[in-house]
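Letters A, B, ... mirror the listed sequences (proteins, then strands); counts begin at 1. Note that the structure is predicted; figures quoted are calculated from it, not measured.
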Protein chains: 2
Amino acid sequence: MNIIDEIGILAISTRLQRLSEQLRKDGAQIYAYNNIDFEPKWFPVIYTLHVKEMLSVVEIANEIGYSHPSTISLLKELEKQKIISSKKDKLDERKRLIILTAKGKELVVKMQPVWEVMSKALNEITNTQNNLLKAIEEAEENLTRQGFFQRALELKG
Amino acid sequence: MNIIDEIGILAISTRLQRLSEQLRKDGAQIYAYNNIDFEPKWFPVIYTLHVKEMLSVVEIANEIGYSHPSTISLLKELEKQKIISSKKDKLDERKRLIILTAKGKELVVKMQPVWEVMSKALNEITNTQNNLLKAIEEAEENLTRQGFFQRALELKG
DNA sequence: CAAAACTACGTAGTTGGCTACATATATCCA
DNA sequence: TGGATATATGTAGCCAACTACGTAGTTTTG
């Protein structure tokens, strides 16, 4: 039993990160094993474009919950892989509109069964007595109502 | 409502990381607000040393669940801050034994009330219908029994 | 309708974790 | 007991997120 497990709550940020990293790495392995040239971090962008078809850079960033510079670097990778393409918005010349290429759309089709298996496996792992996904959602909701910092302020009085 | 929230499980790694980052940042703000020169990432090391008094580098790494190089870089920072000090183990010259300095011990005392408030606030946030900390523990346990990759293999058949 | 404010995108540089590799010491076993 | 193996530490460099800042185009407003 290590200490971090004992003190729990104060190191929760550390533990969230550790778990995230573990799942990410295994996810990468699963794609590799299935001969799919795909990285877990691309999933949010690809899936978003699969559903919404065409979006600007900042719109994607908002959808996936990343900063826009992070999103730009993801998009660069995906463009290099020819999974997405982009063009300037004629109505608003500041915007760059992103869509999946034919290759990108094929990739989505190819990945569907893998995603299904991954979903099942992840559910096995996370759908326990305390459902991890729901716990995350509930925590996020609480944070939206009032942030960690604000709560600490009030508790201190 | 953004897409990542809808697809949930497949982006769980992303969401864990996002939540972790959010809590870490607010944590830093709380220390700053209380005029304590301390970073959230130092917590696991400091707390470990507070409890165990004297440990080697690798022992600390194991306790906090980090790789030893990451631990070394944390220790370097803490040594620079004069929060910890270290000496060679006379019985095993490979080892470097780490302890809290007087300043480090004072810091722990000073931080106790802040930690208490933080614990309470974190409990408000995470102790919902599905307790986040317990959900993490349960997921980690499941992963120990069988990894994500192995599960996906078996489900695929 | 021009100046101010705002929005979209991009680049540069930081951060906090990691793996891979190198070296020194300790332990084990033929 | 000395050569192979294992362990402890350290360095270098990678990676994927971030913030801060700059530029260009759009919208608002006095």
Side-chain angles (χ1 to χ4, degrees), chain A residues 4 11 13-29 38-45 54-81 84 86-98, chain B residues 4 11 13-29 32 38-46 54-81 84 86-98:
Chain A
I4 297 303
S13 168
T14 291
R15 297 186 66 184
L16 288 167
Q17 202 177 331
R18 222 199 284 177
L19 185 53
S20 162
E21 181 63 10
Q22 204 175 344
L23 293 174
R24 198 196 53 74
K25 260 189 242 163
D26 265 24
Q29 236 188 312
F38 194 76
E39 296 182 28
K41 67 176 163 165
W42 295 345
F43 176 80
V45 172
M54 180 174 341
L55 292 173
S56 72
V57 174
V58 167
E59 281 164 350
I60 293 174
N62 290 337
E63 287 292 336
I64 69 177
Y66 278 14
S67 68
H68 82 268
S70 307
T71 305
I72 286 169
S73 84
L74 282 178
L75 293 176
K76 267 187 192 161
E77 281 180 55
L78 289 167
E79 204 147 19
K80 206 170 178 181
Q81 300 282 328
I84 62 163
S86 65
K87 61 168 200 268
K88 193 166 263 193
D89 183 343
K90 277 166 196 162
L91 299 177
D92 184 342
E93 299 246 304
R94 293 168 308 176
K95 289 189 185 173
R96 188 157 68 94
L97 297 174
I98 319 288
Chain B
I4 297 303
S13 168
T14 292
R15 296 184 67 184
L16 288 167
Q17 204 178 327
R18 221 200 284 176
L19 186 52
S20 163
E21 180 65 10
Q22 204 176 343
L23 293 175
R24 198 196 53 74
K25 258 188 250 165
D26 265 22
Q29 233 189 312
F38 193 76
E39 298 183 25
K41 65 176 165 166
W42 295 345
F43 176 79
V45 171
I46 294 295
M54 183 177 335
L55 291 173
S56 72
V57 175
V58 167
E59 281 165 348
I60 293 174
N62 290 337
E63 287 293 337
I64 68 176
Y66 278 14
S67 68
H68 82 269
S70 305
T71 305
I72 287 170
S73 85
L74 282 178
L75 293 176
K76 267 186 192 160
E77 281 180 53
L78 289 167
E79 204 148 17
K80 204 169 179 184
Q81 300 282 329
I84 63 164
S86 65
K87 62 166 196 269
K88 194 167 262 192
D89 183 343
K90 277 166 195 161
L91 298 176
D92 184 343
E93 298 247 304
R94 293 169 306 177
K95 288 188 185 174
R96 189 157 69 93
L97 297 174
I98 318 289

How would you list, by chain and number, every residue that makes a side-chain hydrogen bond (donor to acceptor under 3.5 Å, both in side chains) with [X], sequence neighbours excluded?
X	result
B:Gln29	none
A:Ser70	A:Ser67
A:Asp92	A:Arg94
B:Lys95	none

Shortest side-chain distance from [X], nucleotide among [options]:
X	options	answer
A:Ser67	C:dC18, C:dC9, D:dT19	D:dT19
B:Pro69	C:dT19, D:dA20, C:dA8	C:dT19
B:Ile72	D:dA16, D:dT9, C:dT19	D:dT9

Length of the [atom1]-[atom2] vector between [X] and [N], whole Å:
X	N	atom1	atom2	answer
B:Leu75	C:dG16	CG	P	15 Å
A:Arg18	C:dG16	CZ	C1'	15 Å
B:Leu19	D:dA17	CG	P	16 Å
A:Gln22	C:dT19	CD	P	12 Å
A:Phe43	D:dA16	CZ	P	18 Å
B:Arg24	C:dG17	CZ	P	8 Å
A:Asn62	C:dC9	CG	P	10 Å
B:Asp89	D:dA8	CG	P	11 Å

Give every pair of a protein N or O atom and an N or O atom of nucleotides 23-27 of chain D that lie under 3.5 Å apart, one pair per line with the distance.
residue, atom, partner, partner atom, Å
D:dG25, N2, A:Arg94, NH1, 2.8
D:dT26, OP1, A:Glu93, N, 3.0

With a 4.0 Å cutoff (strictly under), does any side-chain N or O of A:Lys76 reach OP1 or OP2 of C:dG10? no
Return no unless some side-chain N or O of B:Ser70 is found under 4.0 Å from OP1 or OP2 of C:dC18. yes
Partners passing ring-ring contact (aromatic ring centres under 6.0 Å, His included) against A:Tyr66 (at least two apart in sequence or in another chain): none
On DNA chain C, more 5' by nearest nucleotide between B:Tyr66 and A:Arg96 is A:Arg96
Judged by each residue's nearest nucleotide on DNA chain C, which is more toward the 5′ side, A:Gln17 or A:Lys95? A:Lys95
Kindly indicate, with the supporting measurements, whether the criterion side-chain contact (heavy atoms from CB on, under 4.5 Å) is fulfilled by A:Ile98 and A:Leu55. CA-CA 5 Å; A:Ile98 319 288; A:Leu55 292 173; 5.7 Å; no
Please confirm whether the backbone N or O of B:Leu97 pairs with a side-chain atom of B:Ser56, one donor and one acceptor, at under 3.5 Å? no
Within the 4.0 Å heavy-atom criterion, would you say A:Ser56 contacts the bases, only the backbone, or no part of the nucleic acid? sugar-phosphate
Please figure out whether B:Leu97 or A:Lys41 has its closest DNA chain D nucleotide nearer the 5' end. B:Leu97
